[in-house]
Every structure is written in structure tokens, then in C-alpha cells.
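Take a look at the structure below.
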Amino acid sequence: MKMVVLDGYTLNPGDLSWQALEELGELIVYDRTAPDQVLERSKGAAILLTNKTPLPGSVLEQLPDLKMVSVLATGYNIVDIETAKRLSIPVCNVPGYSTHSVAQLCFALLLELTHAVKEHNDAVKSGAWVSSPDFSFWTQPLTELAGKTFGIIGLGDIGKKVADIAAAFDMKVLAYSRTKTDQSPRQNFAWASLEELLQKSDVVSLHCPLTPQTEGLINAERLKLMKPSAYLINTSRGPLIVEQDLADALNNNQLAGAALDVLSKEPPPPNNPLLTAKHCLITPHIAWASVEARKRLMQATVENLHSFMKGSPINKVN
């Protein structure tokens, strides 16, 4: 069975092994595939594996040998799901592999916002401490998290893990979600409307999926509801935020800061307004990419393919 990986470098830049997949059949791995190369490279494949390389319906319709699409990620919006369903091509993703890593980066970003660790390190290395008349100095006000309110938009697996960590910092947790499951065992936890969460939270963190309903969820109107001292964090999907609106809010000091691991287009164009916005940290979509998370992603992908080959596909999204 021929398997083609269209963008293998993101999952495995050289520190993992493709051996477990190779044992399942003929495997061809491309580091990267441009849009105009997708069709030619996909011809003859029974299974296509993709992380962020789009598979539009116009391509799927020209692949009569294709039996399955395996998405090397949790999000699967890069595949035309409706066309795949019409063509009876199962699309399988990998949920849950990055929960710990994403939650960890969420707080790495928050701690950088509140304590500016790199900025203080750079100041020390540049000689500011050596020449200081005082035993201690700081370049910006430092913020303690204990007692503050942490607002979580989207309480799935990652949102719940973030809630656990926030509670460990002695923070109060507010959450907003379309579905409200029983969270009574959690301490310092309460459900809230979206408006209430934005108004009361000292930190707002996005953990909801990108859907037509959530695209542009954080816009100028909702940013105005937030405290001027509040921070916004996004480790979910870039289009949840109207980027010009957030840039305007930051540049007008409507927020204390923002930290983003995702943008609406990745890599971003040089004119993305957030690249020059004040008090805005941006990392290049790395929350998912710890070695441990990528190992889990690889293993789960092997399990997806093995189950499909046995006639019982798992993690189907269509």
C-alpha cells in the first residue's frame, strides 16, 4: 500500500523515525509540498498524510486510488471534509497528543508577560546590573498571578489542563464554552458568559476550535470589554482574533499585553499588524512541537493507519 507524506518536516525534522510507518507499506516522505505539487505527488497513493498542506476537493476528486487521509494534527480544516465524505474517503486526525505541551507554552507566555524574563536577562548581560547603584532593579512592573482571574474560552482537554495549572497558581478560573459539563470538583472555578469572562478576567486564554462561529471571536467590540491591565493569550487558532483590532487595542494601551503562538496566516506576511504592535509576544506556532508531543503524534498516526488497514478506522472526523 502506497503512503505519501506531503509535509513530513514539521513532524519529523530528523529527530524521530519513520520506521513504524515504513513497516506498514511503501512510504514516500516529502519535507514540504507546494500547492501546485500536491496533485502530482499524491497520484497513486492509497493513503495521504498531511499536517498543513491543503487537500481541496478539486484534488481529492482526481485521486481514484486514494482510500484514506491521515491528518498529522488535531485540526483538520486543511482537508475538504465534505468532498472526502462524498468520495467515501475517511479522514482521521490525532486528538489529544499535545495537551500538556500547549498548556505548558500557555503559561510560558504568561510568565514572560508578567515577569519579562528575557528582557531582564538581556539587561543583566548588557551590564545594567553591574552598574546598578541598587542590589535589585526591574525594567517593568512585575505581576503576581495568585488571586488574579484566569478566563478560559473553550474548555476541552487543553482548556481543562490550563485550568488545572491556573488553579495551582492560586488563580480564580472563569470558563466559557458552548457545552457546560460538570466541573464541580474544581476549586475556584465558575462558568461565565463570554461578556462576563472578558470583563472580569485578568488573563484571557483561547482554547476553542476554529469554526464559522468562532472566527473573529475576539474583535474590537469584545476587546473593549477587557480590563486595560489584562493579558490575552492565543495558543489555539489565529483567525479567532481580528488581528488589526488587537493591534489597535495594544497600540492604544487598551490591554497590558498579548502573547500569540498562532496567526491568521502562517508564516505571516511582513505587513501583519501584530508584528509591530506594542506589548505583543509572538512565537512561531510551537506549542504542539515538543519532542514528547511529536512522538505521541507519530505513534497515534501509526495506530490510525494500522486500524484503517484492519478495516476499523479510528479518530474519523467525517
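Hydrogens, waters and symmetry mates play no part in the numbers below; they use all other heavy atoms, side chains included.
Within the model, atoms CD of E26 and CE of M3 stand 8.5 Å from one another, a figure rounded to the nearest 0.5 Å. From L255, atom CG reaches atom CG of L223 across 6.0 Å, with rounding to the nearest 0.5 Å. Note that CG of L109 is 11.0 Å distant from CG of L232, once rounded to the nearest 0.5 Å. Rounding to the nearest 0.5 Å places CG of L145 at 6.0 Å from CZ of F169.
Checked against side chain to side chain donor-acceptor pair (under 3.5 Å), S101 has the following partners two or more places apart in sequence or in another chain: S290. A search for salt bridge (Lys or Arg N to Asp or Glu O under 4.0 Å) contacts involving K43 returns E40, not counting sequence neighbours. Remark: K172 engages T149 in a side-chain contact (heavy atoms from CB on, under 4.5 Å) (not counting sequence neighbours). Judged as a side-chain contact (heavy atoms from CB on, under 4.5 Å), and not counting sequence neighbours, the contacts of A300 are V94. Residues forming a side-chain contact (heavy atoms from CB on, under 4.5 Å) with D15 (at least two apart in sequence, or on another chain): N12, P13, V291, R294. Applying the side chain to side chain donor-acceptor pair (under 3.5 Å) criterion to N315, with sequence neighbours excluded, gives N304. Shown here are the side-chain contact (heavy atoms from CB on, under 4.5 Å) partners of K118, two or more places apart in sequence or in another chain: E112, D122.
Judged by distance alone, the side chain of D182 and the main-chain N or O of S184 form a donor-acceptor pair under 3.5 Å. Here the side chain of H120 pairs a donor or acceptor atom with the backbone of T139 at under 3.5 angstrom. Between the side chain of D7 and the main chain of T53, a donor-acceptor pair closer than 3.5 Å is present. Side chain of D80 to main chain of P56: no donor-acceptor pair is present (N/O by atom type, distance under 3.5 Å, no hydrogens or angles). Of the possible donor and acceptor atoms, none in the side chain of D170 sits under 3.5 Å from a partner among the backbone N and O of G147. A donor-acceptor pair under 3.5 Å is absent between the side-chain atoms of E215 and the main chain of P212, judged by distance alone. The closest donor-acceptor contact from the side chain of N234 to the backbone of R237 lies under 3.5 Å. Judged by distance alone, with hydrogens and angles left aside, the side-chain atoms of N251 form a donor-acceptor pair with the main-chain N or O of A247 at under 3.5 Å. No side-chain donor-acceptor contact under 3.5 Å links T283 to the backbone of H285. Between the side chain of T211 and the main chain of T214, a donor-acceptor pair closer than 3.5 Å is present.
Crowding of K295 atom NZ: a count of heavy atoms from other residues, nucleotides or ligands under 6.0 Å not exceeding 12. Few gaps surround CD on E266; more than 12 heavy atoms of other groups in view lie less than 6.0 Å from it. Other residues, nucleotides and ligands place no more than 12 heavy atoms under 6.0 Å from the CD atom of Q104. Enclosure of atom NZ in K2 by more than 12 non-hydrogen atoms of other residues, nucleotides or ligands within 6.0 angstrom is indicated. Shown here is K85, whose NZ atom has no more than 12 heavy atoms of other residues, nucleotides or ligands within 6.0 Å.
Side-chain contact check for T301 and E303: no donor-acceptor pair (N or O, by modelled atom type) lies under 3.5 Å. Between the side chains of K278 and N253, a donor-acceptor pair is found at a separation under 3.5 Å. E195 and Q199 form no side-chain donor-acceptor contact under 3.5 Å, judged by distance and modelled atom types alone. H100 and S98 form no side-chain donor-acceptor contact under 3.5 Å, judged by distance and modelled atom types alone.
Pairs passing the salt bridge (Lys or Arg N to Asp or Glu O under 4.0 Å) check and including a residue from residues 130-155, sequence neighbours excluded, do not occur. Residue pairs meeting the salt bridge (Lys or Arg N to Asp or Glu O under 4.0 Å) criterion with at least one partner in residues 46-61, sequence neighbours excluded, are E61-R86.
When hydrophobic side chains of Ile, Leu, Val, Met, Phe, Trp and Tyr are connected at separations under 4.5 Å, L48 ends up clustered with V4, L6, I28, Y30, V38, L39, L55, V59, L60, L63, L66, V69, V71, Y76, I78, V79, I81, L87, I89, V91, V317. In the hydrophobic clustering, V130 connects to no other residue, as no ILVMFWY side-chain heavy atoms lie under 4.5 Å from its own. With a 4.5 Å cut-off between side-chain heavy atoms of Ile, Leu, Val, Met, Phe, Trp and Tyr, the cluster of W129 takes in V124, F137.
Grouping the Ile, Leu, Val, Met, Phe, Trp and Tyr side chains by contacts below 4.5 angstrom, directly or via other members, places V162 with W191. Both L210 and L217 belong to a common hydrophobic cluster when Ile, Leu, Val, Met, Phe, Trp and Tyr are linked at side-chain heavy-atom distances under 4.5 angstrom. At a threshold of 4.5 Å between side-chain heavy atoms, the hydrophobic network of Ile, Leu, Val, Met, Phe, Trp and Tyr places M298 and L72 in one connected group. Linking ILVMFWY residues whenever their side-chain heavy atoms come closer than 4.5 Å, directly or via other members, leaves L274 and I233 in distinct clusters. There is no path of hydrophobic side-chain contacts, each under 4.5 Å, that joins M171 to L174.
The only member of N188, V203, L155, I152 that meets side chain to side chain contact (heavy atoms under 4.5 Å, CB included) when paired with V173 is I152.
Classification of R186 and D164 as a salt-bridged pair holds, one side-chain N sitting under 4.0 Å from a carboxylate O.
Note: F107 and F150 meet the aromatic proximity criterion, with ring centroids under 6.0 Å apart.
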